[in-house]
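Below is one structure, written out as structure tokens, with a few remarks after it.
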Amino acid sequence: MDTAAPASNPASADQFRNMVTEAQWRNMLADQQVERDANLALSLRKLIGDADVAQSYAPHGFSADGEPRHMIAQPTVRSMVASLTTSYLPGLIGKDGRVVRAPNVAPAGVTLNMAAGLVSGSRIARAGARVIVASPAVELHPVGYSGGVVVERIPVALRNIEAAAFATVAGGDLDGLTFATVDKDGTSSDDADAPAMSLPVFCAEIDWRTSISKGVRFEIPRSERRRIDPDQLCSEILTSLSLGLSRAADDVLLSALGAANLAPFTVANVAAAGLHFDELRALIGTAGIGAVIGQDGVLRAAGVLGELTGDSASTFIGAWNRAGVAVNDEITIYAERLGKADGMAVTAWASMLSLVPDTNKFWTVA
């Protein structure tokens with residue numbers, strides 16, 4: 001069927017859409033989805049291809065007959081920057097119908113970006129922690145007439161607002177109701193004033209200057225590159241990076257808690273912190289401290305619902321919704337040819353920052 005709108009009778013967008021069959025529209029949308037999914041994988045494949053043909057030496061200066069006078073060594077590494085929020089994970093089903101293992105983030109056919117894959121694969125996120133994927137917040141201000149600029153860092157933070165602690169104060173009594181009289185200037189004329197306290201807001205600033213760098217390097221031999229289709233290889237690299245970023249985020253927060261000298265877990269400490277018991281979750285490390293599997297098949301630590309983690313040896317219990325990890329939206333990926341054997345090294349770097357405004361909401365299990 002000819003889907004072009006007649007020139008003599010221009011159709012509106014809705015009318016033109018009605019002229020296209022439903023199957024054609026589905027194919028068009030599917031093609032757009034595949035193109036969007038493939039962007040990062042194609043970029044990685046191009047990066048690896050550029051590294052394959054990168055020259056170790058570059059000519060410098062030429063003689064009259066066109067021969068180079070000098071050969072200067074140059075790196076064969078090629079790099080690119082990927083955005084976690086705009087780069088999409090490879091599809092769960094390949095073009096040939098094979099099912100590929102990917103982060104357990106969505107049913108087959110649904111495309112997710114790497115940020116969503118990171119959050120879904122994170123144990124701390126499942127426990128309730130905030131995983132914030134963001135770029136450094138800055139604002140540029142022009143200076144003078146020479147084109148110079150000043151970069152202003154915009155403060156960003158994770159802030160927890162806790163309940164105000166009202167105190168009982170002496171005051172007048174009217175029909176059995178106790179109250180305090182306040183003068184026009186805001187002072188109390190009764191026997192006692194309300195005790196002063198700091199605003200119960202706890203803050204952890206997202207300062208990328210203090211962030212932790214996380215890196216990983218894959219060395220892929222020539223035999224592996226010849227055995228695996230290049231597109232599949234790139235998809236496997238990206239899927240592994242997404243899963244690895246989740247564990248890296250877990251490690252950053254758990255390491256911060258491990259260094260915080262937390263108090264041992266008791267129900268009395270939880271009550272004193274003003275928490276609901278169902279806010280608590282346990283993350284049980286490789287030592288399995290306090291772990292118990294009940295007859296109902298549920299994993300617990302000290303009676304608190306728990307989950308396993310391989311990124312710490314300790315067991316932590318806390319209100320995870322009061323902590324988090326900031327992950328820089330941009331990760332840098334390098335590709336480097338290894339010698340003359342056609343091997344390839346792929347390296348990725350990410351920046352993360354633990355956010356624990358109040359360590360008194362977390363405890364260890366002995």
Side-chain angles (χ1 to χ4, degrees), residues 124-125 127-132 134 136-139 141 152-212 252-283 302-305 314-327 352-366:
I124 61 168
R130 308 289 195 254
V131 178
I132 304 170
V138 297
E139 187 173 343
H141 302 281
E152 177 189 4
R153 186 172 60 89
I154 307 300
V156 181
L158 175 65
R159 298 172 65 86
N160 291 339
I161 305 173
E162 301 295 347
F166 280 80
T168 302
V169 296
D173 184 88
L174 179 62
D175 296 332
L177 298 178
T178 300
F179 64 94
T181 304
V182 179
D183 297 331
K184 293 181 179 180
D185 60 358
T187 60
S188 173
S189 58
D190 291 291
D191 299 333
D193 291 334
M197 63 175 294
S198 300
L199 186 65
V201 176
F202 299 88
C203 174
E205 185 178 358
I206 301 178
D207 186 354
W208 293 109
R209 297 171 297 181
T210 61
S211 64
I212 298 172
V252 167
L253 180 55
L254 295 177
S255 296
L257 292 176
N261 193 25
L262 302 178
F265 173 79
T266 64
V267 174
N269 285 339
V270 176
L275 298 174
H276 296 279
F277 189 79
D278 59 7
E279 289 185 84
L280 302 178
R281 289 294 182 271
L283 284 181
V304 178
L305 290 176
S314 304
T315 296
F316 298 101
I317 294 178
W320 297 90
N321 58 353
R322 286 168 165 79
V325 173
V327 181
M352 302 182 182
L353 190 65
S354 62
L355 305 172
V356 188
D358 185 7
T359 58
N360 292 321
K361 300 298 188 293
F362 292 89
W363 302 270
T364 57
V365 177

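Residue indices begin at 1 and follow the sequence shown.
With a 4.5 Å cut-off on side-chain heavy atoms, L254 and S314 do not count as touching. The shortest distance between side-chain heavy atoms of N321 and R130 falls below 4.5 Å. Contact annotation: the side chain of W320 approaches that of F362 to within less than 4.5 Å [non-hydrogen atoms, C-beta and beyond]. Between N360 and F202, every side-chain heavy-atom pair lies at or beyond the 4.5 Å cut-off. Two residues are said to be in side-chain contact when any heavy atoms from C-beta on lie closer than 4.5 Å; L262 and L257 meet this criterion. Under the 4.5 Å side-chain criterion, counting only non-hydrogen atoms from C-beta, I212 is not in contact with L353. Side-chain contact between R281 and I317 is absent, with no heavy-atom pair separated by less than 4.5 Å.
Considering all non-hydrogen atoms of both residues, A273 and K361 come closest at O-CE, 3.7 Å. A263 approaches N269 most closely through the heavy-atom pair CB-ND2, 4.4 Å. Across all their heavy atoms, A326 and I206 have their closest contact at CB-CG2, 3.9 Å. A125 and V131 make their closest contact through CB-CG2, 3.8 Å (heavy atoms, listed as atom of the first residue, atom of the second, distance).
The number of heavy-atom neighbours closer than 6.0 Å to CD1 of I154, taken from other residues, nucleotides and ligands shown, is above 12.
No donor-acceptor contact under 3.5 angstrom links the side chains of T210 and D207, judged on distance only.
One finds a salt bridge joining E205 and R153 here, because a Lys/Arg side-chain nitrogen approaches an Asp/Glu carboxylate oxygen to under 4.0 Å. Taking the charged nitrogens against the carboxylate oxygens, R322 and E162 do have a contact shorter than 4.0 Å, which makes a salt bridge.
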